[in-house]
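Below, chains carry the letters A, B, ... as their sequence lines are ordered, and counting in each starts from 1.
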Protein chains: 2
Amino acid sequence: MVVDDHPIFLKGLVEILQDELKTATIFAYTSSVEALKNFTIINPDIAILDLDMPVINGIKLSENLKVIKLTLKVIILTMHKEPDIIRSVIAKGIDGFVFKDDAVNELTNAIKNVLANNIYLSDPSILNQTEDKNEILATLTKTECLVLKHIAQNKTSKQIADTLFVSIKTIENHRNNISKKLQLTGSNSLLTFAVKNSRFF
Amino acid sequence: MVVDDHPIFLKGLVEILQDELKTATIFAYTSSVEALKNFTIINPDIAILDLDMPVINGIKLSENLKVIKLTLKVIILTMHKEPDIIRSVIAKGIDGFVFKDDAVNELTNAIKNVLANNIYLSDPSILNQTEDKNEILATLTKTECLVLKHIAQNKTSKQIADTLFVSIKTIENHRNNISKKLQLTGSNSLLTFAVKNSRFF
DNA sequence: GTAAAAATGAATAACAGTACCTATTTTTAA
DNA sequence: TTAAAAATAGGTACTGTTATTCATTTTTAC
């Protein structure tokens, strides 16, 4: 099963898989909902899923599909090379991870490996390139996360305090605690972090 | 001629074009350099170019190719739907603009239109959705643009002043002038703008 | 039910950016 | 060569963030 919301990319994917795996039967869908509808009927061995899809993304779809069929192998495709994303994806029981701009043989390698019950990563070294922001972000409390969302919108402590009906001092304390957890120092480093990473929280 | 640095997408593109335009001869390249090397030999009527490619992007490649062959029609493909990008692309003599996640027939429509000497946009309405930040950004002077780059890296006025060997007051003045041009007010609105739009300057 | 964690609030000092001015020197273009 | 534009620099008042430390109340979990 192949799922990607980009029709042209999906077409390329199917052609390549058909060329490489001549005996395989391939079913392609441009939406997660379509894929879910047909999953039990086609009952595939492998699902190759785009990470960034509207409504239900690749990870959520994978979780849904693996509930239906525990032995299903899932390979996630993505354009994003951010280590933080990849780390969080691997933590969610995905069997393979391939970048969309990789060469074709990366994907066939991935298929062979996951069928042999191995985990396959296109570029394992990418995981060692930066600190694990994701793990630290997970240590933020609900309120801290909410405050961080407001900070990402460039609201002042006063504005956040007013919308949440608390004292400015409370927001300033939250800012401080968040900065400490994320090991951010210096002026506006928290704002910069929030703006750059808003899609992660 | 088709040029895209994503091999899988390129494969899909070629298959679709071959299906739709059965009489056409299609040459595909995964890099701008390869495309430039072979351009005069294959002498195509249309070039379909990815916007985001390393080293030479689609716009620059288009400019190079149109110098060699003035009558060449160029269709740009992109994932980005930001009006600012599209506006600046259209200003550079591109004949067509199609989004990568569009349906297949968008591309064939575009090809028909540009061959009939029309300009084709996948979604012309996107141009009316926001203010034209690009035009305003173009009014920034060289130094203002440089300062903005430093601001986007969350440097303080003092740090920027030290690296450019000028007074902190000069940098503060630049900040002020840039903010006025971009119509930004309030605390850290310039920093937020710089971080969010750093790839535009 | 109690201990830990989270959320709330405050005081203070230092640092940084905003928003106005004014003014001089240097560069660019007509 | 001269007028306009750009870059330089300073003044001042204000707003906002950072970095500490301390303290109370509320929520959560065992």
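- Considering only side-chain N and O atoms, B/S187 lies nowhere under 4.0 angstrom from the phosphate OP1 or OP2 of D/dT15.
- Scanning both residues, B/N154 and A/S189, for their nearest heavy atoms gives ND2-CA, 3.3 Å.
- One can place CG of A/N188 at 7 Å from P of C/dG17, the figure rounded to the nearest angstrom.
- Remark: P of C/dT18 and CG of B/N177 are 12 Å apart, rounded to the nearest angstrom.
- When the C1' atom of D/dT17 is taken as reference, atom CG of A/L184 falls 13 Å away, rounded to whole Å.
- Atom pair A/I171:CD1 and C/dT8:P shows a separation of 7 Å (rounding to whole Å applied).
- Residues B/A24 and B/Q18 approach most closely at O-OE1, 3.3 Å, considering heavy atoms.
- Nearest nucleotide to the side chain of B/K169, out of C/dG17, D/dT18, D/dG10: D/dG10.
- Rounded to an integer number of Å, the gap from B/N173 CG to C/dT25 P is 16 Å.
- Counted by atom type alone, B/K155 and B/H150 present one or more donor-acceptor pairs between their side chains at under 3.5 Å.
- When heavy atoms are screened at a 4.0 angstrom cut-off, A/S179 is found touching no nucleic acid atom at all.
- Contacts with DNA chain C (heavy atom under 4.0 Å) in residues 143-156 of chain A: A/T143, listed by number.
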Checklist entry - Do A/R175 and A/E172 pass the salt bridge (charged side-chain N to carboxylate O under 4.0 Å, His left out) test, and can you show the C-alpha distance, the side-chain angles, and the key distance before you say yes or no? => result CA-CA 5 Å; A/R175 288 187 107 111; A/E172 284 178 348; over 6 Å; no
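- A sub-4.0 Å separation between OP1 or OP2 of D/dA6 and a side-chain N or O of B/T141 is absent.
- Considering only side-chain N and O atoms, A/H174 lies nowhere under 4.0 angstrom from the phosphate OP1 or OP2 of C/dA7.
- The closest side-chain heavy-atom distance from A/M1 to A/L65 is below 4.5 Å.
- Here the side chains of A/T71 and A/D45 are not in contact, with every heavy-atom distance at 4.5 Å or above.
- Among the candidates B/L115, B/I26, B/V74, the single residue satisfying the side chain to side chain contact (heavy atoms under 4.5 Å, CB included) test with B/I46 is B/L115.
- Comparing B/F165 and A/R175 against DNA chain D, the residue whose closest nucleotide sits nearer the 5' end is B/F165.
- Distance A/L182 CG to D/dT18 C1': 15 Å, rounded to the nearest Å.
- Of the residues near DNA chain C, A/K181 and A/E172, the one whose nearest nucleotide (by heavy atom distance) lies more toward the 5' end is A/K181.
- Put simply, A/S167 has no side-chain N or O that comes within less than 4.0 Å of OP1 or OP2 on C/dT8.
- Aromatic ring pairs are classed by plane angle as parallel below 30°, tilted from 30° to 60° and perpendicular above 60°; the pair B/F99 and B/F97 is perpendicular.
- In this structure, B/V166 and A/S189 both approach DNA chain D, and ranking their closest nucleotides by distance from the 5' end singles out B/V166.
- A straight line from NZ of A/K158 to P of C/dG9 spans 13 Å, rounded to a whole angstrom.
- Contacts of A/N176 with the nucleic acid, taken as non-hydrogen atoms under 4.0 Å apart, include base atoms.
- One atom, CG of A/L140, and another, P of C/dA5, lie 16 Å apart when rounded to the nearest Å.
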